Amino acid sequence: MLDPKLIKEKPQLIREMLKARSVDFDLDSLIEFDQKRREFIIKTDELRKKKNQVALEISQKKKAGEDASSILAKMKNISNELTKFELEQESIENKYSKLAMTIPNLVHESVPVGVDESANKEIKKWGKIPDFDFKIKDHIEISENLDLVDLERAAKVAGARFYYLKNDLVRLNQSLIHYGLDFLAKKEYSLVQPPYMINRKSMEGAVIADDFEDVIYKVEDEDLFMIGTSEHAMAAMHSKEIIEGKDLPLRYAGVSPCFRKEAGAHGRDQKGIFRVHQFDKIEQFVFSRPEDSWKEHEKMLGIVEEFYQELEIPHKVMLLSSGDMGKISAKTYDVEGWMAGQNAYREIVSCSNCLDFQARRLKIRFRDKTNEDTQYLHTLNSTLIATTRVLVSIMENFQTKDGHIRIPTVLQSYMGNQKEI
RNA sequence: GCCGGGGUAGCCAAGUGGUAAGGCGGCUGUCUCGAAAACAGCUACGUGAAAGCGUGCAGGGGCUCGAAUCCCUUUCCCGGCGCCA
């Protein structure tokens with residue numbers, strides 16, 4: 001959600017944002033609803049004032065033991081009229097907020113303007129792409145040969161885009177998680193294992209309507225939705241709270257499974273465990289003072305870069321264009337890791353600053369002193385590890401001539417000093 | 001799951017149908033060389049240029065001229081019992 005005052009005072013700024021994102025949004029209606037909404041507030045407030053005055057009169061007459069029947073009739077009329085006004089006001093408020101909830105976030109000035117990923121900008125590149133002196137396999141073939149993944153039975157039991165991890169790949173998955181948590185704990189993140197299902201209000205605060213349809217699974221007959229990432233549960237964690245300024249920034253490392261419909265991805269990455277309905281993830285989530293959020297954004301990216309350098313995964317950092325970026329984000333870096341089997345860099349991390357967009361929806365505020373006006377804080381999120389994608393990268397980049405997988409050095413101690421799968 | 005007790009402002013807390021007590025913490029002002037103390041005002045959200053006005057007593061609904069208060073319902077917390085990995 002954007003600041004209604006900003007929309008009212010600088011509609012031109014909003015129009016530019018919509019154009020940069022190539023988003024079709026009925027801004028004129030929103031402005032009109034907002035204006036009507038304000039008019040109704042004034043009208044109903046006036047009537048309420050009258051009602052309070054009459055109620056006081058009644059109370060005084062009754063206390064004095066006088067007859068109040070003529071005023072009672074007057075009061076009944078005011079009450080009826082007020083009910084009508086309130087219904088109308090509620091209806092216009094609903095129209096306004098429903099539309100306001102679908103407007104995308106502002107776009108930071110450093111974001112390249114463009115319609116899709118072709119306008120993304122490469123910022124950095126790290127690591128040497130591995131050079132193989134044998135014919136390499138993709139992760140599907142490797143995992144079949146070593147009995148590490150069973151896709152066929154998963155399809156039978158759950159459907160497409162599911163998998164059974166098996167044997168040492170299960171251990172490698174757990175090792176990645178363990179290593180990632182230790183890594184963030186050292187950076188003074190608080191570790192959080194959130195609820196894997198959250199209610200509608202919380203989900204709507206963290207996610208924009210389109211994504212709701214395309215990625216979020218709903219639990220039948222319950223007000224519960226499966227989280228698409230721990231970001232969703234962590235964003236809502238402090239909803240409706242006023243945080244003390246001295247406690248900011250709050251840095252959390254969330255670990256959870258992630259559940260995604262992948263409804264818009266038909267035909268893409270159809271095979272293997274690269275794009276799946278369920279995977280484990282460690283996520284960085286930061287609640288920050290507004291003035292610090294850009295600094296925090298770069299800091300999160302730095303942590304990600306350091307992590308993948310230690311893991312020895314060649315990668316590049318992409319700055320997403322206005323058209324490719326998610327609607328809740330004002331600026332997003334993707335980190336793309338090398339996947340030898342695809343001979344390509346593929347997305348493994350997404351690192352975003354959402355400014356006060358989620359905070360407004362979730363009413364997360366802060367202040368330094370108790371009498372000070374509250375201010376919305378800024379929220380930021382970044383993947384540290386989406387395990388399945390990192391597993392693909394490790395399997396493909398670290399494969400050996402004899403068909404095995406070398407375990408990255410930093411993970412070996414987590415695997416009982418095992419060096420190879 | 002059952003029985004009982006609860007949810008009032010940043011925190012504590014009074015209030016059984018007629019304008020939301022009080023305290024703590026905080027801010028500003030007066031005073032002071034400065035501070036403390038004392039005193040006064042302010043200390044949720046909306047609207048408004050402002051004065052002000054309105055809303056707000058866990059959420060939703062109802063009865064009533066009028067609801068923090070009565071009724072229904074949902075939810076969360078505490079205690080007890082039951083069940084359970």
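Convention: sequence-line order gives letters A, B, ...; per-chain numbering from 1. Keep in mind that this is a model prediction, so the values were computed, not measured.
- Between A:Leu56 and A:Glu93, the residue whose closest nucleotide on RNA chain B is further toward the 5' end is A:Leu56.
- Pairing for B:rC83 is absent, judged as Watson-Crick or G-U wobble with the two contacts each under 3.5 Å.
- A 3.5 Å limit on both hydrogen-bonding distances identifies no Watson-Crick or G-U partner for B:rU19.
- Checking side-chain atoms of A:Arg251 against main-chain N and O of A:Gln284 turns up no donor-acceptor pair under 3.5 Å.
- A:Lys240 places its NZ atom 19 Å from the P atom of B:rA44, with the value rounded to the nearest Å.
- With a 3.5 Å ceiling on both atom-pair distances, the Watson-Crick or G-U wobble partner of B:rC45 is B:rG54.
- For the pair A:Gln60 CD and B:rG18 P, the computed distance is 14 Å after rounding to whole Å.
- Contacts of residues 36-45 of chain A with RNA chain B (heavy atom under 4.0 Å): A:Arg37, A:Arg38, A:Ile41, A:Ile42, A:Asp45.
- In this model, the phosphate group of B:rC45 is approached by a side-chain N or O of A:Arg365 to a distance below 4.0 Å at OP1 or OP2.
- Rounded to whole angstrom, the span from the CZ atom of A:Arg48 across to the C1' atom of B:rC45 amounts to 13 Å.
- Residue A:Asn52 has a polar side-chain atom (N or O) positioned under 4.0 Å from OP1 or OP2 of B:rG54.
- With both pairing distances under 3.5 Å, B:rG66 is matched to nothing as a Watson-Crick or G-U wobble pair.
- Protein atom NZ of A:Lys8 is 12 Å distant from nucleotide atom C1' of B:rG46, rounded to whole Å.
- The partner of B:rU28 is B:rA40, by the rule that a Watson-Crick or G-U pair needs both atom distances under 3.5 Å.
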Contact string for nucleotides 60-78 of chain B, one letter per nucleotide 5' to 3', B = base within protein heavy-atom range under 4.0 Å, S = sugar-phosphate only, - = neither, reads -----BS------------
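- Atom CD of A:Glu46 is separated from atom C1' of B:rG52 by 12 Å (rounded to the nearest Å).
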